[in-house]
Asker: 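So that we are looking at the same thing, I have put the structure below in structure tokens.
All chains are named by letter (A, B, ...) in the order of the sequence lines, taking the proteins before the strands, and each is independently numbered beginning at 1. Since this is a predicted model, take the numbers as computed values, not measurements. Values below: all heavy atoms of this structure, side chains included; hydrogens, waters and symmetry mates excluded.
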Amino acid sequence: MNSLAKLLEAALFASPRPIATEELAALDPEASPAGLASALDELREHYDVDGHGVELVEVAGGWQVLTRPEYTEAIERAQMAVRPTKLSPAALETLAIIAYRQPIGRAEVAEIRGVDVGAVIKSLHERGLIDVVGRAEGLGRPLLYGTTRMFLEQFALRHLGELPRVDELAIALRKNGEEPVMAADLVEAAGVAAEAAAAPSAAPEAVVEGAPGA
Amino acid sequence: MNSLAKLLEAALFASPRPIATEELAALDPEASPAGLASALDELREHYDVDGHGVELVEVAGGWQVLTRPEYTEAIERAQMAVRPTKLSPAALETLAIIAYRQPIGRAEVAEIRGVDVGAVIKSLHERGLIDVVGRAEGLGRPLLYGTTRMFLEQFALRHLGELPRVDELAIALRKNGEEPVMAADLVEAAGVAAEAAAAPSAAPEAVVEGAPGA
Amino acid sequence: MYLSPRLPVTGLTPTAPHLQTSSAGDPQGGNAFVVDFTGFNGPLDLLLALLRDEQVDIYDIPVARVCEQFLSRMHELQLNEAAEYLEMAARLIRIKAQMLLPRKEGSDDWEDPRAELVRRLLEYQQMREVVDVLERLGEDRRSRFARTYMGQPAAPPPAPLALSLGDLLVAVDRVLRAARRPTIHEVIPRALDVDGAMQLVRSILALRARMRLREIIRDDSEPWEVLSALLGLLELAKRTEVHLTQPRPFADVEIRRELAGEAA
């Protein structure tokens with residue numbers, strides 16, 4: 001490719017929107033309109049003839065380099081195949097508290113967990129698992145959070161009533177006394193589908209703790 | 001180019017950020033690791049040999065297509081893209097210390113720099129260049145910081161091991177009492193170190209012990 | 001060579017020409033978020049600049065001279081109020097004083113009062129070298145554009161969440177275990193018998209017009225019996241079935257049948 005074609009390629013790649021022909025001319029003040037046209041032709045032909053995953057497309061009075069349609073499906077599929085993220089133990093605990101105590105304020109969640117939960121709540125909110133459902137009375141009228149429809153979807157619940165009742169869990173805990181209660185016991189005790197219990201996740205590892213999108 | 005290389009090109013063109021090797025592998029479930037590597041090689045060579053305005057760069061555990069530096073000025077002048085802002089010297093000093101001493105707390109960074117670093121750390125955190133990676137033991141359990149994947153991206157590093165090792169830095173080479181280090185030498189020595197670091201280092205081992213995964 | 005305060009100490013490396021241009025700009029040039037009025041990144045930076053100007057051996061710093069110059073530069077740069085510079089000045093003065101103390105002849109365990117300062121200077125200088133490397137790498141990267149076009153194939157959706165009810169319940173389990181002893185109230189069914197107390201009073205008052213509290217509360221009554229009796233009496237009084245009087249503090253309460261109550 002000639003050097004103008006290379007410059008055009010770089011600019012078209014870097015630009016967030018299509019670039020009009022006159023704008024492209026500004027890249028090289030010495031280039032003639034004919035030179036510009038032939039450089040664009042060269043770039044297009046290079047992509048077409050040489051076999052590339054991208055192509056040069058004329059849109060809305062300008063030019064753009066786009067991925068070829070035949071690859072978009074594979075790209076989208078690959079994005080779907082991206083390894084699902086797990087919530088960190090901290091996020092799950094916060095979510096559990098909100099699910100069972102909603103509507104609940106941040107301070108109250110922090111009180112139960114014994115640590116600040118600002119970042120975790122923000123992250124759960126960004127993921128659409130919780131939402132603001134109101135404001136508490138009293139000083140500062142703090143925001144109150146509750147779980148969302150997305151929360152139900154993620155856990156395949158029809159409604160919140162399908163969550164095992166927390167007093168059942170508490171009683172189960174109390175009965176077992178000192179002995180740590182395994183999740184499987186809880187799930188069984190609560191009569192939840194064995195499917196949920198089978199999830200190989202009894203040992204939650206440190207995953208993204210309130211991390212922004214992976 | 002073979003069809004896998006074209007698919008990779010399409011995906012890399014579509015993404016504003018580096019794509020991890022595993023994610024690239026997900027594009028074609030039938031591609032072997034060797035096939036993937038050779039397709040990436042083919043793509044890189046194609047850009048280099050054939051004369052393109054872009055090139056394939058390995059960064060932050062993944063791959064990214066970037067424009068070649070020689071076109072940056074023209075693109076910026078034509079206002080088709082804007083370069084990100086530079087970090088201040090204070091931010092760079094802080095980042096350097098965190099990169100080498102991670103996980104490290106704010107007080108320790110301040111001790112080395114001789115100035116308070118609260119605002120700088122906050123800003124680096126907001127830019128996604130550092131993140132909280134834990135808490136120290138001891139009074140107040142201060143937060144510990146480490147560098148992020150974004151840090152690698154913004155400095156086009158493949159991994160932290162690409163930073164010069166501490167013992168490769170000029171200052172470390174002089175042992176106390178061996179020969180007088182003139183203060184004026186320090187600067188020149190630094191230049192040598194920078195040059196040494198620029199060359200592909202013979203032993204790019206982990207610089208940082210206990211560095212968090214990128 | 002006189003080092004302009006605008007130039008970072010290590011800014012003159014041959015391999016990084018951009019350093020010169022980057023720091024020679026406007027006074028706050030490149031200081032994206034920390035305003036540095038002096039061009040120095042703190043007292044260590046200033047001190048290193050002085051040492052460079054003086055061409056001294058870093059392991060044998062002439063403290064008296066350097067201290068004097070540090071103070072005069074502080075004054076020049078109007079840093080007299082800056083705590084960090086003041087602290088360094090104080091440190092220099094202290095080291096200067098320690099250097100003047102007589103040393104014991106022939107003793108090996110004399111510790112150079114400058115050692116800690118030298119260690120910090122070298123550490124800082126080492127970090128400046130890394131800054132040079134980072135600055136060069138950052139400049140290289142900034143001279144390339146990544147794809148910014150975000151149209152067609154939409155930005156990749158966030159990775160799906162892998163969640164199971166099992167995970168959530170494990171979390172509940174942890175919360176319950178971690179919570180400071182869940183307060184589970186022992187509730188005894190019908191602990192109070194208010195109705196029974198009311199019946200008792202009514203049946204006594206059916207026989208006579210007045211009675212005393214002592215008749216239904218004995219010394220060995222359980223707390224719940226006392227509470228039941230009190231609540232029952234208050235309820236009866238509220239319904240105007242009885243009239244309660246206490247002639248004086250701590251005296252026995254007198255319970256009288258009310259006419260209205262009789263009528264009801």
Asker: Return the option, out of A:G51, A:S3, A:A26, with the maximum number of heavy-atom pairs under 4.5 Å with chain B.
Answerer: A:G51
Asker: Could you pull out the closest heavy-atom pair between A:A10 and B:G53, with the gap in Å?
Answerer: CB-O, 3.6 Å
Asker: What's the separation between atom OG1 in B:T67 and atom CG in A:L12, rounded to the nearest 0.5 Å?
Answerer: 12.0 Å
Asker: Please collect all salt bridge (Lys or Arg N to Asp or Glu O under 4.0 Å) contacts where either partner lies in residues 8-20 of chain A, sequence neighbours excluded, each pair once.
Answerer: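 Checked against salt bridge (Lys or Arg N to Asp or Glu O under 4.0 Å) - neighbours excluded - the pairs reaching residues 8-20 of chain A are A:R17-A:E23.
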Asker: For the CZ atom on A:R101, are there more than 12 heavy atoms of other groups (residues, nucleotides or ligands in this structure) within a distance under 6.0 Å?
Answerer: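 Count not over threshold, so no.
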Asker: Name, in order of residue number, those residues of residues 27-46 of chain B that have a heavy atom at a distance of less than 4.5 Å from a heavy atom in chain A; otherwise write 'none'.
Answerer: B:L27, B:H46
Asker: Taking only residues two or more places apart in sequence or in another chain, which ones pass ring pair (Phe, Tyr, Trp, His ring centres under 6.0 Å) with A:Y71?
Answerer: none
Asker: Under 4.5 Å from any heavy atom of chain A, what part of B:Q79 do you find: side chain, backbone, both or neither?
Answerer: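 Answer is backbone: N, CA, C or O of B:Q79 sit under 4.5 Å from chain A.
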Asker: Relative to chain A, which segment of B:V65 carries a heavy atom at a distance below 4.5 Å: side chain, backbone, both, or neither?
Answerer: both
Asker: Got a sec, which residues hit salt bridge (Lys or Arg N to Asp or Glu O under 4.0 Å) with A:E70, two or more places apart in sequence or on another chain?
Answerer: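 Listed in chain order: nothing, the list is empty.
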